[in-house]
2 protein chains.
Amino acid sequence: MRRVRQPSLVEQVRTSLLEDIRSGRLAVGDKLPNEYELADQFAVSRATVRESIQGLLEAGHLTRQRGNGTFVAPAPSRHALDTTVSYTAMIREAGHEPSETVLRTLFRAPTPTEADRLGLTLDERVVEVERIRFGDGRPLIYSRDRIPETVLGTTDTDLLGNSLYVVLEWAGHKVTRATAHLKPITANAKIARLLQIRPRTPLLHILQTDHDADGRPVMLSDEWHVADAFDLIVNRRAP
Amino acid sequence: MRRVRQPSLVEQVRTSLLEDIRSGRLAVGDKLPNEYELADQFAVSRATVRESIQGLLEAGHLTRQRGNGTFVAPAPSRHALDTTVSYTAMIREAGHEPSETVLRTLFRAPTPTEADRLGLTLDERVVEVERIRFGDGRPLIYSRDRIPETVLGTTDTDLLGNSLYVVLEWAGHKVTRATAHLKPITANAKIARLLQIRPRTPLLHILQTDHDADGRPVMLSDEWHVADAFDLIVNRRAP
DNA sequence: GAGTGGTCTAGACCACCGT
DNA sequence: CGGTGGTCTAGACCACTCC
């Protein structure tokens with residue numbers, strides 16, 4: 001006797017609560033109805049309500065106090081390093097118009113380091129894409145991304161004009177997890193020229209490995225970020 | 001007919017699975033028994049097994065493929081910026097012996113910026129703690145932490161020799177969430193002297209706000225990190 | 001089609017919080 | 001104490017993936 005529906009009940013309840021928060025019907029600090037009441041209101045089981053709330057807790061929208069209630073928390077930072085993989089979204093969020101230029105794409109054998117990090121043998125090949133991302137026309141990020149040819153499943157370099165995350169998803173290797181190593185450096189002559197900044201300007205270097213749902217490493221990225229363009233934010237949570 | 005027990009069934013199952021992974025009884029890529037079998041083996045309901053697995057998925061230890069199975073994933077980085085709040089643990093993980101020195105503690109009125117970020121009025125007071133953290137005796141992090149006096153609930157500065165997170169937990173404001181703003185900079189004369197490095201050395205500046213379980217901001221930290229001492233890692237996950 | 005994880009229910013009892 | 005979230009069960013059916 002169930003109707004056809006796209007989003008799950010859990011998702012519907014979550015969306016509804018989130019709308020109440022965003023719209024201000026539920027203000028920061030407000031106490032939510034208890035779980036039994038919410039279950040009644042949404043005409044679902046308490047387990048469904050709990051799962052909906054679980055997601056909002058993880059995202060930081062709500063807080064629970066055992067024996068007391070569930071409360072609306074101050075909104076956490078969206079577009080943070082830990083939860084977003086798209087720099088385009090981050091640049092836009094910072095109020096700039098994102099754009100990008102592909103400097104170069106080439107197929108080549110991996111270096112030993114790359115082979116190790118990507119789990120390849122030295123006779124396999126990788127695609128390397130060199131790009132610069134801009135905000136309002138100003139260079140913000142210079143990056144070199146490497147994807148194993150076997151992961152990509154094509155040698156059509158035209159594809160690479162798209163977001164590499166979209167390309168990887170097409171190829172059946174949607175990125176779900178990444179590990180980034182952060183290091184502050186100063187610009188050398190080459191990077192300074194590419195990013196149109198003075199040499200010795202502080203930059204953030206990010207070396208990142210992206211993994212698909214199977215845990216397989218599918219992309220390796222070196223990125224150089226201009227410091228003052230937008231905030232890099234990390235949401236941290238206690239273990 | 002339930003026995004007395006400390007950890008929940010969910011926790012017991014999770015720990016057991018984690019041990020199998022860490023010990024190698026379950027190797028990377030191995031497929032786990034399906035959820036019904038696991039429920040049988042542990043003599044719990046499938047819902048309990050699913051909740052156990054959920055935690056291991058979030059931590060990155062396992063992967064699920066709908067219609068296929070649950071698999072052991074390569075271990076994620078522990079002691080990363082997003083999941084750890086303790087620099088002491090990070091320094092030790094990097095193979096160095098952590099230590100620290102408190103340079104100064106003082107009570108004072110907050111600046112307007114601090115009052116805003118900490119949700120205070122200008123006539124309340126904050127404790128400021130200035131510290132240097134070392135690895136193997138080498139200065140690695142210089143930090144200035146500010147905690148509202150009302151949060152601390154004491155003016156006993158002797159306490160502040162302990163980890164501030166422990167102090168905050170004692171005070172009933174255990175830190176569960178934090179937002180960090182990362183920015184690469186170069187050392188000015190003062191910071192260079194404190195960290196015993198050359199001026200203009202690249203540093204990572206972190207401006208962080210810590211929140212307790214209620215979402216209340218309980219500490220504000222400015223930190224200057226020496227770049228080459230240990231890797232700052234961020235685990236990123238798709239939204 | 002067989003096997004897997006994904007969703008959902010209805011109900012029970014426990015453990016903690018504030019009054 | 002009453003109210004809240006925390007844990008757990010047993011069972012049902014759905015949706016996807018692989019062979």
Side-chain angles (χ1 to χ4, degrees), chain A residues 1-17 26 29-58 61-73 169 172-174 176 212-216, chain B residues 1-17 26 29-58 61-73 172-174 176 212-215:
Chain A
M1 211 35 172
R2 230 182 262 151
R3 271 164 221 78
V4 181
R5 50 181 152 72
Q6 279 290 58
S8 65
L9 288 182
V10 168
E11 209 53 55
Q12 287 175 41
V13 172
R14 189 173 294 160
T15 304
S16 176
L17 289 174
L26 284 172
D30 279 4
K31 181 174 180 172
L32 268 66
N34 73 36
E35 299 181 339
Y36 297 93
E37 278 180 51
L38 286 172
D40 263 5
Q41 285 179 23
F42 288 107
V44 299
S45 72
R46 187 180 159 216
T48 300
V49 167
R50 277 184 67 79
E51 199 180 334
S52 301
I53 289 178
Q54 189 55 42
L56 296 173
L57 288 172
E58 272 159 30
H61 293 290
L62 298 177
T63 334
R64 271 206 286 221
Q65 289 172 237
R66 188 178 192 153
N68 196 356
T70 304
F71 303 83
V72 179
E169 194 168 347
H173 295 279
K174 183 175 164 59
T176 58
D212 67 11
D214 301 350
R216 174 175 179 182
Chain B
M1 210 36 173
R2 229 183 260 151
R3 270 164 225 78
V4 181
R5 47 184 155 69
Q6 277 292 55
S8 66
L9 288 183
V10 167
E11 210 51 56
Q12 286 176 41
V13 171
R14 190 173 292 159
T15 303
S16 175
L17 289 173
L26 283 172
D30 280 3
K31 182 175 180 171
L32 267 65
N34 72 37
E35 298 180 342
Y36 297 94
E37 278 181 51
L38 286 173
D40 263 5
Q41 285 179 25
F42 288 107
V44 298
S45 73
R46 189 181 159 216
T48 301
V49 167
R50 278 183 66 79
E51 200 180 334
S52 300
I53 289 178
Q54 189 55 43
L56 296 173
L57 289 170
E58 272 158 31
H61 293 289
L62 298 177
T63 336
R64 272 206 282 220
Q65 289 172 239
R66 188 180 192 149
N68 194 357
T70 305
F71 303 84
V72 179
H173 295 279
K174 183 174 162 64
T176 58
D212 67 11
D214 301 350

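Below, chain A is the first sequence line, B the second, and so on; all start at residue 1.
Not counting sequence neighbours, the partners of A/Gln54 by the side chain to side chain donor-acceptor pair (under 3.5 Å) test are A/Glu58, A/Arg64. Listed by chain and residue number, nothing satisfies the side chain to side chain donor-acceptor pair (under 3.5 Å) test with A/Thr70 (two or more places apart in sequence, or in another chain). The salt bridge (charged side-chain N to carboxylate O under 4.0 Å, His left out) search around A/Lys31 returns none, not counting sequence neighbours. Scanning for side chain to side chain donor-acceptor pair (under 3.5 Å) contacts around A/Thr48 gives A/Ser45, with sequence neighbours left out.
A close approach under 4.0 Å does not occur between any side-chain nitrogen or oxygen of A/Ser8 and OP1 or OP2 of C/dG6. Listed pair B/Asn34 / C/dG3 fails the phosphate criterion, with no side-chain N or O lying under 4.0 Å from OP1 or OP2. A sub-4.0 Å separation between OP1 or OP2 of D/dT7 and a side-chain N or O of B/Thr48 is absent. At the phosphate of C/dG6, OP1 or OP2 sits under 4.0 Å from a side-chain N or O atom of B/Arg64.
In this structure, the CD atom of B/Glu51 is 10 Å from the P atom of D/dG6, given to the nearest Å. The distance from atom CG of A/Leu9 to atom C1' of C/dG6 is 12 Å, rounded to the nearest whole Å. Taking atom CD on B/Gln12 and atom C1' on D/dC8, their separation rounds to 12 Å, with Å as the unit. Atoms OH (A/Tyr36) and C1' (D/dT7) sit 11 Å apart, rounded to a whole Å. Across the protein-nucleic acid pair, B/Glu35 atom CD and D/dG11 atom P stand 17 Å apart, rounded to whole Å. In this structure, the CZ atom of A/Arg50 is 8 Å from the C1' atom of D/dT7, given to the nearest Å. Rounded to whole Å, atom P of D/dT4 lies 10 Å from atom CZ of A/Phe71. Across the protein-nucleic acid pair, B/Ile53 atom CD1 and C/dG5 atom C1' stand 9 Å apart, rounded to whole Å.
B/Ile53 places a side-chain heavy atom less than 4.5 Å from the side chain of B/Leu38. In this structure, the side chains of A/Val72 and A/Leu62 come closer than 4.5 Å at one or more pairs of heavy atoms.
Under the salt bridge (Lys or Arg N to Asp or Glu O under 4.0 Å) criterion, the residue pairs touching residues 37-49 of chain A are A/Glu35-A/Arg46, with sequence neighbours excluded.
One distance of note links CD of A/Glu51 with CG of A/Leu9; it measures 10.5 Å at 0.5 Å rounding. Of the inter-residue distances, the one linking B/Leu17 atom CG with B/Gln41 atom CD reads 9.0 Å to the nearest 0.5 angstrom.
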Sort me out a list of protein N/O and nucleotides 15-17 of chain D N/O pairs below 3.5 Å, or just none if empty.
residue, atom, partner, partner atom, Å
D/dA15, O4', B/Arg66, NH2, 3.0
D/dT17, O4', B/Gly67, O, 3.4

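Near-neighbour residues of DNA chain C inside residues 38-47 of chain B, defined by a heavy atom below 4.0 Å, number-ordered: B/Arg46.
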